[in-house]
Amino acid sequence: MSSILDNLNDKQREAAGHIDGPLLIIAGAGSGKTRVLTHRVAYLIKECGVNPYNIMAITFTNKAAGEMRERVDRIVGEGCEAVWVQTFHATCVRILRRHIHEIGFDNNFTIYDTDDSKTVMKRVLKKLNVDPKYVRESTVLRAISDAKNDLIGPDEYADRYRNDYSKRTISQAYDLYQDMLRDNNALDFDDLLRLTVALFKNCPEVLENYQHRFKYIMVDEYQDTNNAQFELVRLLAKEHGNLCVVGDDDQSIYKFRGANIGNILGFESNFPGAKVVKLEQNYRSTKNILDAANAVIANNTGRKPKRLWTDREEEDPVFFSIYDNSAEEAEGVVSEIERLKSKGLADYGDCAILYRTNAQSREFEARFVRDGVPYFIVGGVNFYSRREVKDMLAYLKTVDSGRDDVSVRRIINVPKRGIGATTIEKIATFADDAGLGFYEACGMADEIPGLGKAASKVLAFVNLIDSFRKCLEENGPTETLKMIVDETDYQNELKEEDADDASERIGNIDELINTLRQFEDDEPEGTLSQFLEDAALVSDLDSADEDTSRVMLMTVHSAKGLEFPRVFLCGMEDGVFPGYMSINSDDPDDIEEERRLAYVAITRAQDVLYISSARARMVRGETQYNPVSRFIKEIPEEMLERGPSGNIIGGRTSYKSSYRSSMPERKIADDGKPQAPIFKKNARALMASGGLSGSVIQKGATLAGTKPDYEVGDRVMHLKFGEGEVLAIEKGPRDYQVTVNFDNAGQKIMYAAFAKLEKMR
DNA sequence: CGTACTAGTCTTTTT
DNA sequence: GACTAGTACG
C-alpha cells in the first residue's frame with residue numbers, strides 16, 4: 001500500500017513517521033525540513049486518523065507559515081483548514097483575544113510595534129526625568145525585552161534587582177512603561193508571548209483546554225526560540241507530549257533578540273525519551289559549497305556533530321576575489337551578473353547578493369540603477385513602518401477606537417493643523433488628572449484651561465474623526481481610508497514637503513488602500529480592528545518570495561530559509577563579517593554566532609558561490625581598512641579559486657539547468673507568477689496568516705468564482721459554524737456570496753470560495 | 001506655532 | 001552618510 005511517506009528519503013521518513021512522544025529533528029541546511037513537516041501533518045491526518053483540529057504548527061515568520069499552509073493544503077486538500085499554522089505571535093494573539101480578560105486585560109488590545117514602543121519609552125523617560133544622554137531608550141527597551149523573554153514581569157524585575165542600583169532606572173521605566181501600555185490598551189511584541197504564558201500559568205482551565213486540543217504540536221526553526229517561547233511550547237505539549245521540533249543548531253542566528261540555542265541543544269534532557277533524527281543529506285548545493293560550509297562551521301564548539309553531504313557532483317569551485325574597495329566590489333559583482341545573463345548562464349532572478357548589514361546594499365543599488373539591471377532589495381524599512389503608512393494606520397486606529405494615545409498623538413497635527421507640542425502636553429496633563437484617555441480629553445477641549453485659540457482647532461480635529469467614524473459605519477473601512485486621504489489632503493502635503501519621494505509615498509498609500517479592500521473582499525466579516533491587528537504582525541520579509549526576474553539583495557539574516565542558484569557573498573572582512581561588535585565582545589559565543597551566520601550564507605547557494613571582500617570600505621562615513629574575514633581563512637585554500645585582485649573569474653563550467661528541475665520542491669521561482677507590487681505580496685502573506693478571530697483563510701483559495709454545487713434551500717456544512725440552510729446565493733464582483741442560516745451560529749454572509757461549504761446529502 | 005539648522009545616532013539582524 | 005530628534009529663532 002502506498003503511503004504519503006513514500007516520497008521521503010529514509011531519514012525523512014523516520015522523522016515524519018514518528019508520531020508518539022517528543023521528537024527532535026536536526027535538519028541541516030537544504031535537507032528538506034519543510035517537506036518533512038508538511039508530510040508529517042499529512043501523514044497524521046490521512047493515515048493516522050488524527051483530526052486536523054488537534055494539530056498545531058508554529059513558525060517564526062508569516063512567510064514560513066504561509067508556505068507551510070500552502071503545502072499542507074496541496075498534500076492534504078480538504079479538511080486541513082482546522083490545523084493551526086501560524087507564527088508564535090499570531091498564535092498568541094489568537095489565544096489572547098479569547099482569554100486575556102481572565103488576567104485583567106481588555107480582549108480588544110492593540111499591538112505596538114517597535115516604533116510605538118520607542119515613542120512610549122521616550123515619554124516614560126521624560127516622566128522619570130531621566131537624561132536621555134545617559135540612558136538611551138533603546139538600552140532600556142532592550143533590557144525590558146530581555147526580561148520579558150525570560151518571563152520576568154515588572155514586579156519581579158524590581159524584586160530581583162532591588163539592590164542593584166544600576167538597574168533601578170530600568171526597573172522604574174519598566175513599571176511605568178507597562179502602565180502606559182495598559183492605559184493605551186496596548187501590548188508590545190514581547191507581551192504577546194509573555195502574557196500568553198502568564199495566562200496559562202494563572203488560568204489552568206484555559207491551559208487545559210488548549211493542552212487537550214493540541215495533541216500534536218510542531219515547531220519550526222526551534223533553534224531560534226527564546227525562553228518564553230520554550231515555556232509556551234512546553235506548557236502546551238505537557239498533556240500529550242507529542243512535541244516535534246525541527247531546527248539546526250548551526251543556523252541559530254537570533255541570539256541578539258533572545259533566542260536561546262540551549263533550547264535545541266538541551267531538548268533531550270528537557271523532554272526525556274525524545275527521539276532524535278538527523279537529516280544530513282543536502283538537496284540544494286554542490287559538494288564544493290557544502291565542503292566550504294562544513295569547513296567553516298567545524299570551528300564552532302558546542303554543536304551537535306553533523307556533516308552535510310550530497311550526491312550532486314557538479315564541481316564549480318567557490319570563487320573568491322579581493323577588491324581594492326567596496327565600489328570595485330560592487331562593480332565586479334554586478335558585471336559578473338551581467339556577464340552571466342548575456343551568456344545565458346543565469347537569469348537575474350537566479351542571482352542573490354548577500355551582505356551582513358543593510359547599509360551595504362547602497363553601492364550595489366547604485367550600480368544596478370546605472371546599468372539598468374532589475375533588482376529587488378529585501379528588508380530595509382518595513383512597509384508598515386513607513387511614515388505615510390503609519391500615519392494612515394494611526395488615523396484608522398483612532399477612528400476604530402481612539403483608545404490608543406500613541407496613534408492619536410501621532411496624527412493630531414498631521415497634516416499641520418496648528419496644534420503644537422504645548423497644546424498636546426496640556427491636553428495630556430488634563431487627561432491624566434481627570435483619568436481620561438487622550439482622545440476623550442480632546443473632545444472636552446473647551447474645558448481645558450489655557451488652550452485658548454487652540455481649543456477650537458482640537459475640536460475641529462475631533463469632528464473630523466467623528467465624520468470618519470460615521471463613514472466607517474456607513475461605507476466600511478476602505479471608503480473611510482479613502483475619505484481620510486481626501487479630507488486631510490495628505491497627498492498634497494507630501495508633494496509640498498518633498499516632491500521627489502512624494503510619488504513613492506503616495507504609491508504606498510494606494511497600496512494600503514488596495515490591501516484594505518482586498519481584506520474586505522476576502523473576509524466579508526472582517527472588521528477594521530482585525531485588519532489593524534494583522535497589519536501589526538506583518539513584515540516586509542514576507543514579500544521576499546518568488547521573483548524570478550530580478551537580482552535579489554538582502555542581509556544574510558533575511559536570506560535564511562531561501563536558496564539561489566548563484567550567491568554572491570560580499571563584504572567578507574573582519575569588522576564587517578564578523579562584525580566589529582562580535583570581535584570586541586568578551587563572550588566567545590558572539591563570534592560563534594557570526595560563524596553560524598556565515599554558514600547560513602554559504603549554504604544558500606545551489607550551484608555557484610562567489611565570495612568577495614574589499615581592502616577599503618566606507619563605514620559610517622569613515623574609510624576602514626579591514627583584513628579578509630577570518631571565516632574565509634577557515635576554508636581550505638584548495639576549495640577556493642582566487643581571482644586576481646579586483647576581478648572575479650566567473651563560472652568556468654556551464655550552467656546546467658538540469659540541476660534545478662531535479663531539486664525537490666524549490667522555494668524560489670517555481671511558479672513563474674508575474675511579479676506583483678511588493679505590497680500585494682504582503683497582502684497575500686497577511687491573508688495567509690489567517691484571520692485572528694479564529695476563522696481560517698486559505699492562502700490557496702481562489703476567488704475565481706465557480707458556481708457552488710449547492711442551491712438555495714440546500715442544507716450545507718461549514719467547518720466552524722456547523723450545519724445550516726442556504727438562504728441566498730448572489731453573484732458578486734469576484735465571487736458568489738452565499739447567505740446561510742446556521743442552526744447554531746445564526747445567519748452569515750460569506751464568499752463561496754472561502755467558506756468551503758459542503759452540501760449535505 | 002512652525003521652520004531651519006544642528007547634533008547625535010546608527011548599522012546587525014525581526015515579530 | 002543619512003536620518004532623526006531636538007533646539008533656536010522668526
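Predicted, not measured: the structure shown is a model, and the values here were computed from it. A, B, ... follow the sequence lines: proteins, then strands. Residue 1 opens every chain.
- Across all strands, A/Y112 comes closer than 4.0 Å to no nucleic acid atom at all (heavy-atom distances).
- For A/T555, the side-chain atoms get nearest to B/dT13 when compared with the rest of B/dT15, C/dG6, B/dT13.
- Between the P atom of B/dT11 and the CD1 atom of A/I583 lies a distance of 18 Å, rounded to the nearest Å.
- In this entry the distance linking NZ of A/K148 with P of B/dT14 reads 20 Å, nearest Å.
- When distances are taken from the side chain of A/S558 to each of B/dT14, B/dT15, B/dC1, the shortest belongs to B/dT14.
- When the nucleotides B/dC1, B/dT15, B/dT13 are ranked by their closest atom to the side chain of A/Y254, B/dT13 comes out on top.
- Looking only at distances, no side-chain donor or acceptor of A/S326 sits under 3.5 Å from a matching main-chain atom of A/E329.
- Mapped onto DNA chain B by nearest heavy atom, A/T423 and A/A359 fall at different nucleotides, with A/T423 at the one closer to the 5' end.
- Within the nucleic acid shown, A/N413 comes within 4.0 Å of sugar-phosphate atoms alone, with no base atom in reach, counting heavy atoms only.
- Atom pair A/Q624:CD and B/dC10:P shows a separation of 16 Å (rounding to whole Å applied).
- Straight-line distance from the CE atom of A/M581 to the P atom of B/dT11: 9 Å, rounded to whole Å.
- Where A/G418 and A/E594 each meet DNA chain B at their nearest nucleotide, the meeting point lying more 5' is that of A/G418.
- Judged by the 6.0 Å distance and 45° axis criteria, A/R257 is positioned over the aromatic ring of A/Y254.
- Here the CD-CD distance, from A/E331 to A/E363, works out to 11.0 Å after rounding to the nearest 0.5 Å.
- Residue A/T357 places its side chain closer to B/dT13 than to any other of B/dT15, B/dT13, B/dC1.
- Taking side-chain N and O atoms only, A/N358 has a distance below 4.0 Å to OP1 or OP2 of B/dT13.
- Using a 4.0 Å heavy-atom distance criterion, A/F60 is classed as a sugar-phosphate-only contact.
- Residue A/K416 places its side chain closer to B/dT3 than to any other of B/dT3, B/dT13, B/dT15.
- Using modelled atom types and a 3.5 Å distance limit, the side chains of A/Y599 and A/Q251 yield no donor-acceptor pair.
- Using a 4.0 Å heavy-atom distance criterion, A/T422 is classed as a sugar-phosphate-only contact.
- Rounded to whole Å, the separation between the C1' atoms of C/dG6 and B/dT11 comes to 22 Å.
- In terms of modelled atom types and a separation under 3.5 Å, the side chain of A/D250 and the main chain of A/I297 share no donor-acceptor contact.
- Distance from the side chain of A/S138 is smallest to B/dC10 among B/dT15, B/dT14, B/dC10.
- At the phosphate of B/dC10, OP1 or OP2 sits under 4.0 Å from a side-chain N or O atom of A/R136.
- Protein atom CD of A/Q360 is 16 Å distant from nucleotide atom P of C/dG1, rounded to whole Å.
- With B/dC1, B/dT15, B/dC10 as the choices, the nucleotide that has an atom nearest any side-chain atom of A/T87 turns out to be B/dT15.
- The side chain of A/M618 lies closest to C/dG1 when the candidates are B/dT15, C/dG6, C/dG1.
- In this entry the distance linking CZ of A/R257 with P of B/dT15 reads 7 Å, nearest Å.
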Would you tabulate the side-chain donor-acceptor contacts of residues 225-233 of chain A under 3.5 Å, counting partners in other chains and residues two or more places apart, or write 'none'?
from, atom 1, to, atom 2, distance (Å)
A/T225, OG1, A/Y222, O, 2.7
A/T225, OG1, A/N263, ND2, 3.0
A/N226, OD1, A/A228, N, 3.0
A/N226, OD1, A/Q229, N, 2.8
A/N226, ND2, A/N149, OD1, 3.3
A/N227, OD1, A/N260, ND2, 3.0
A/N227, ND2, A/D150, OD1, 2.6
A/Q229, OE1, A/N226, N, 2.7
A/E231, OE1, A/R234, NE, 3.1
A/E231, OE2, A/K201, NZ, 3.2
A/E231, OE2, A/R234, NH2, 2.7

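- The distance between atom OH of A/Y355 and atom P of B/dT13, rounded to the nearest whole Å, is 10 Å.
- Nucleotide B/dT9 holds its P atom 18 Å from the CE atom of A/M121, rounded to whole Å.
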